[in-house]
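Residue numbers start at 1 and run along the sequence shown.
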Amino acid sequence: GGAASTGDLPEEMVLTVKRGPETVRLPLNPEPGRPEFLLEAGDSIYIEPQKKVRITVSGHVASPGTYLIREGAGIGQLVATSNGLTPEGSLRGTLVMRGTDVYRVDATGPASGTGDASFVLETGDFVYVPRNDYSVYAMGEVATPGRFIVPDGQTWRAADLLAKANGLSGQGTLRRVTLLRAGSDGKIVPSKFNLDEFLKDGVLASNPELMPGDVL
């Protein structure tokens, strides 16, 4: 007769098969291509709501607050529940405060394929999503000069920033592009390149990768 109605969505329900000392968790709805799980005499089947944990999230998320999320969820699920990041937010250096301990977690998994998959949240955790400091600047003869934030999981090169700045102004040229970057001593070191060589001939050296704080 199917699962009893509890108000939970099917993906929030857990199907558990207990076989002697073993416990097997299965999705409530069969997954395409997954081999069918065959029952044996003596098996016990339990269908129950997924356990929830209470987590507080603050910082650069759209809707800060306290949420109940499924047990075993990571920071990505919590941020999705709080309506995602603000335009200034980043999951790169997310802070998790647990009792007297503080963890710094790279939670960019959904964007980069790495991150917080192994970091499981627990009831009472306080999560702070920081501001994204990976920003670069387009100045001079571009259509839209200003500061641009590089989203989590992305790497920008000079041509990417130029595209975000809506290309050149009427007075701009690609042949004499200057990249300003701070050295280890904090002193700004300029370097010049011909971006036209990349756009026309694919010369990668003429399309340098940008670092946080770079000015083009």
Side-chain angles (χ1 to χ4, degrees), residues 3 5-16 25-34 47-138 144 146-157 160-161 163-166 209-214:
S5 177
T6 63
D8 292 280
L9 298 174
E11 58 268 24
E12 295 174 329
M13 303 291 284
V14 178
L15 188 154
T16 304
R25 286 193 171 187
L26 301 169
L28 188 61
N29 295 321
E31 298 176 357
R34 179 170 179 160
I47 298 175
E48 53 195 351
Q50 173 77 53
K51 292 181 180 179
K52 302 291 181 70
V53 292
R54 185 181 298 273
I55 311 293
T56 299
V57 60
S58 183
H60 292 273
V61 292
S63 303
T66 300
Y67 295 92
L68 287 174
I69 61 174
R70 62 177 177 80
E71 186 180 50
I75 295 169
Q77 178 62 45
L78 173 65
V79 170
T81 302
S82 58
N83 296 316
L85 300 174
T86 67
E88 293 278 320
S90 172
L91 294 177
R92 256 185 214 97
T94 305
L95 296 177
V96 180
M97 283 151 263
R98 179 176 294 167
T100 58
D101 297 324
V102 180
Y103 302 86
R104 183 179 295 275
V105 182
D106 178 0
T108 57
S112 64
T114 61
D116 72 333
S118 61
F119 193 94
V120 176
L121 294 172
E122 298 179 359
T123 285
D125 283 351
F126 180 90
V127 177
Y128 179 81
V129 176
R131 182 174 181 265
N132 190 346
D133 291 326
Y134 192 170
S135 57
V136 291
Y137 301 82
T144 311
R147 172 176 174 263
F148 297 85
I149 294 176
V150 180
D152 285 347
Q154 295 186 20
T155 299
W156 284 9
R157 292 182 175 271
D160 300 313
L161 178 56
K164 293 293 182 181
N166 296 313
E209 182 179 326
L210 300 179
M211 305 297 291
D214 280 355

Side chain to side chain, [X] and [Y], heavy atoms closer than 4.5 Å:
X: Phe126; Y: Ser58; result: yes
X: Leu91; Y: Leu85; result: yes
X: Glu209; Y: Trp156; result: no
X: Leu68; Y: Val53; result: no
X: Val129; Y: Val79; result: yes
X: Ile55; Y: Val127; result: yes
X: Pro212; Y: Asp133; result: no
X: Tyr137; Y: Asp214; result: no

Testing the basics here: between [X] and [Y], what is the closest heavy-atom pair and its distance to 0.1 Å?
X: Val136; Y: Met211; value: CG1-O, 3.4 Å
X: Gly72; Y: Val120; value: CA-CG1, 3.5 Å
X: Gly93; Y: Pro130; value: O-CG, 3.6 Å
X: Ala107; Y: Thr94; value: CB-OG1, 4.0 Å
X: Phe148; Y: Ala165; value: CZ-CA, 3.8 Å

State, without any angle test, whether [X] and [Y] hold a side-chain donor-acceptor pair at a distance under 3.5 Å.
X: Arg147; Y: Ser135; value: yes
X: Thr56; Y: Thr66; value: yes
X: Thr108; Y: Asp152; value: no

Rounded to the nearest 0.5 Å, what's the gap from [atom1] on [X] to [atom2] on [Y]? Could you check?
X: Leu95; Y: Arg104; atom1: CG; atom2: CZ; answer: 5.0 Å
X: Thr86; Y: Arg131; atom1: OG1; atom2: CZ; answer: 9.5 Å
X: Asp125; Y: Leu78; atom1: CG; atom2: CG; answer: 9.5 Å

Could you tell me if the ring centre of Tyr103 sits under 6.0 Å from that of Phe119?
->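 Close enough - the centres of the two rings lie under 6.0 Å apart.
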For the pair Asn83 and Val61, evaluate side-chain contact (heavy atoms from CB on, under 4.5 Å) and give the outcome as yes or no after the intermediate values.
-> CA-CA 7 Å; Asn83 296 316; Val61 292; over 6 Å; no
Name all pairs fulfilling the salt bridge (Lys or Arg N to Asp or Glu O under 4.0 Å) condition that reach into residues 73-85, sequence neighbours left out, sorted by first residue then second.
-> none
Under a 4.0 Å N-O cut-off, is there an ion pair linking Asp106 with Arg92?
->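 Result for this pair is no, no salt bridge flagged.
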Answer yes or no: is there an ion pair linking Lys52 with Glu71, defined by an N-O contact shorter than 4.0 Å?
-> no
Would Arg98 and Glu122 count as a side-chain contact (heavy atoms from CB on, under 4.5 Å) if you check the C-alpha gap in whole Å, the side-chain angles of each, and the deciding distance to 0.1 Å?
-> CA-CA 8 Å; Arg98 179 176 294 167; Glu122 298 179 359; 3.6 Å; yes
Please work out which of the three classes, parallel, tilted or perpendicular, describes the rings of His60 and Tyr128, given edges at 30° and 60°.
->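 Aromatic pair Tyr128/His60 classed perpendicular.
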For side-chain contact (heavy atoms from CB on, under 4.5 Å), just list the numbers for Ile69 and Leu121, CA-CA rounded to whole Å, side-chain angles, deciding distance to a tenth of an Å, and then say yes or no.
-> CA-CA 9 Å; Ile69 61 174; Leu121 294 172; 3.9 Å; yes
Look at the side chain of Asn132 and the backbone N and O of Val150, then say whether any donor-acceptor pair between them is shorter than 3.5 Å.
->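 Confirmed, Asn132 side chain pairs with Val150 backbone.
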